[in-house]
Structures are given as structure tokens and as C-alpha cells.
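For clarity, every value in this text was computed on a predicted model and none was experimentally measured. Just so you know, ligand 1 is whichever comes first in the structure, and atom 1 is the first atom listed for that ligand.
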Amino acid sequence: NWTMENFIENAIKRIRATVGPTAEAIGAVSGGVDSSVAAKLMKEAIGDRFHAIFVDNGLMRKNEAVQVKKALDDGLGINLVVVNAEDEFLDNLKGITDPEKKRKAIGYTFIHVFERVAKSIKPKDGSNIEYLLQGTLYPDVIESVSFKGPSQTIKSHHNVGGLIDNMQLKLIEPLRELFKDEVRHLGELLGLPEDLVWRHPFPGPGIGIRVLGEVTKKQVEIAREADYVFIDEIRKAGLYRQISQAFACLLPVRSVGVMGDQRMYEQVIALRAIETVDFMTADWFVFDASFLKRVASRIVNEVIGVSRVTYDITSKPPATVEWE
Ligand code: XMP
């Protein structure tokens, strides 16, 4: 009979059979539930012959890089390599404002950094890295089959296809048959922290597509701080699990305000919170007015560089979840 406990046991057996007794594997971890669960299965199956690589692109949420390291390395005992590549990502984003070009620049930089780090990992006994772990889920499998070509892709979602071509690695996808809720259940059974298991999805390009216009360190910082306040209030109000995804976007337009008796002329934050089952369609989340008032006042008071806060009340379709 099919149970999650059986699934774990079988997945581990299958990984061992595939990789064999000496080969090694690598995989990228992002701090999301899919890559973390996949990495934990690898660790259970082949121990330190699995090398997880976490590329800190400088575009993650506040404190996230530190939390990921703590959860995977200290918490789950996964053999983890952390690379701080913030400068490289920001350099490659200089001057770019077009959303798809940003995605491409971020995706390209990611592959570049990942490859470099992967090549620097030298297994001790001279065996080779032969396998690449991917946290592909069943809906991703369906989607990539049904998409007929680039003309039908609305947004080019982050993918690491290029890695396999360049490095000649064989793919391991232990979550291919699972839906998201099953992966979360698996994460709980495998002892991942609750916070990680239930974290809202976060796009690969991260804050890079939540800072509209050019992405600079300063702009990322403003978006990140505003996002932190919003999510903090959502958690305090007990709404985090009810909302499917929530975040702040920084709009590069300036707006006049007053703070004390000072005139300010700063940028605008747009908040987005949605409820959805499959992310193909989504409704904006209906907050109490008092909640929105509190968040707006905190953001303008606490985040330097913001003079105005708006709430996005567009459903998907026609609007997408992300602004870019
Ligand atoms: P959209 O904006 O297309 O988003 O309605 C649907 C879901 O996909 C996420 N998303 C991305 N995820 N790379 C990702 O890994 C991307 O480039 C990307 N763009 C959107 C978005 O956060 C939402 O969960």
C-alpha cells in the first residue's frame, strides 16, 4: 500500500540503486521546500557523497541565507557548500530593466556560479560527480510537456537545463511523482523545520523581479525591508498559512509625502497577497482595513526610502502573481 513512509523508504532505495556504491552527486538548494526535501532524501541515501550547493544571489528575503544554512547544515546534517555571489549577480544585472532580461541574467549567473563551485568539489577517493539532483514535481513535469515552445511561455521560469548539457551529469528527480502538498507532508516526516516546510513559494530570481526597474543593492535593500515588515505582520495576525503567497514590490517612481514637518519625495511600495490552489489563477487576499493601515504605517516609518504604500487588488488573470 502507498503511504508516505513507504515512499521515503522506496525513494532512498532507488537513489542508492541509481548512484551505486561510489559515485557522488550534487544539487542546488534554494531554501524552498522542494529542494530541501530532495536534498534530505539524498543525504539519507548516500550521506556525504551528496553535495548541496546553496548560491546566495543577494536577492533573497531578509535573514534567509542564514536560515537556510542553519536548517540544512546544522539541522539536517546535509553536506552543504554556501557561496556568496551577491556582487556577481548585481554586476550582471547592472543597467537591465526588462523583466525577461533580468530573469535571463540571473539564470545565467546562477548556472555560471553553480558550475564553478561544482567543479571545485573534488571527492576524496577520486570518484566522480556523476549525478545532479533536481526537485522537480509532478506539475512541473506536466507543464514542461504541455508547453510547446518558447512562444507559449509567459515567463521564462528559472531552470537549470543548461547545467546538464554543460556538465554531462545524469539527472535524479526523486519528487517527480508528487504534488506540492505531498512534498510538504514528506518534509514534515523527514524532520524539516515547520517554517521551511510551509514557507511561501519564492521565485528563483527573487527580489530581482520585485524591484521594478534597475536592480541595485540599495533598491534590493528597500524591497527586502518592506517585505520583512509585511510578512512579519502577516505572521503576527496568524494569516501566513491562509495566504498562498505574499510579498512587497518596489516601484521606481517617486511620490511626495510628509514625515514630521519634513517634506519627502521617495519611492512607492506595492504589497501583493494572493490565495490560490494552483497558481494558474489567483485572487487577491482580503485583509481587514486595520491590518493594511498598520502595515502601511510601519513601512513608511521603518523603511528609509519609502513615502507611500499601495495594495494590489488585481486578480490573476489578467495580472500575474509577480509584477514582472
Ligand atoms: P506568475 O507571476 O507567473 O507566478 O503568476 C506564478 C508563480 O510562479 C512564481 N514565479 C517564478 N518562479 N522563477 C521561479 O522560480 C521565475 O522566474 C518565476 N516567475 C514567477 C511566482 O512567484 C508564483 O509563485
query = In terms of heavy-atom contacts, does NZ of Lys101 have more than 12 from other residues, nucleotides or ligands at under 6.0 Å?
reply = no

ask   = Is Val117 close to Val55 at the side-chain level, that is, under 4.5 Å between some pair of heavy atoms?
value = no

Could you name the option among [options] that has the heavy atom nearest to [atom]?
{"atom": "atom 15 (O) of ligand 1", "options": "Gly204, Ser244, Pro201", "result": "Gly204"}
{"atom": "atom 7 (C) of ligand 1", "options": "Phe279, Trp323, Phe202", "result": "Phe279"}
{"atom": "atom 19 (N) of ligand 1", "options": "Arg103, Glu322, Lys102", "result": "Arg103"}

query = Side chains of Ser290 and Asp288: donor-acceptor distance under 3.5 Å anywhere?
reply = no

request  = Output the list of atoms in ligand 1 that are nearer than 4.0 Å to some heavy atom of Lys316, sorted by atom number.
outcome  = 1 (P), 3 (O), 5 (O), 6 (C)

message = Could you tell me, atom by atom, which parts of ligand 1 come under 4.0 Å of a heavy atom of Pro205?
response = 13 (N), 16 (C), 17 (O)

request  = Using a strict cut-off of less than 4.0 Å between a Lys/Arg side-chain nitrogen and an Asp/Glu carboxylate oxygen, indicate whether Asp73 and Lys69 qualify as a salt bridge.
outcome  = yes

task = Determine, for Glu86 against Lys217, whether the closest basic-nitrogen to carboxylate-oxygen distance falls under 4.0 angstrom.
result = yes

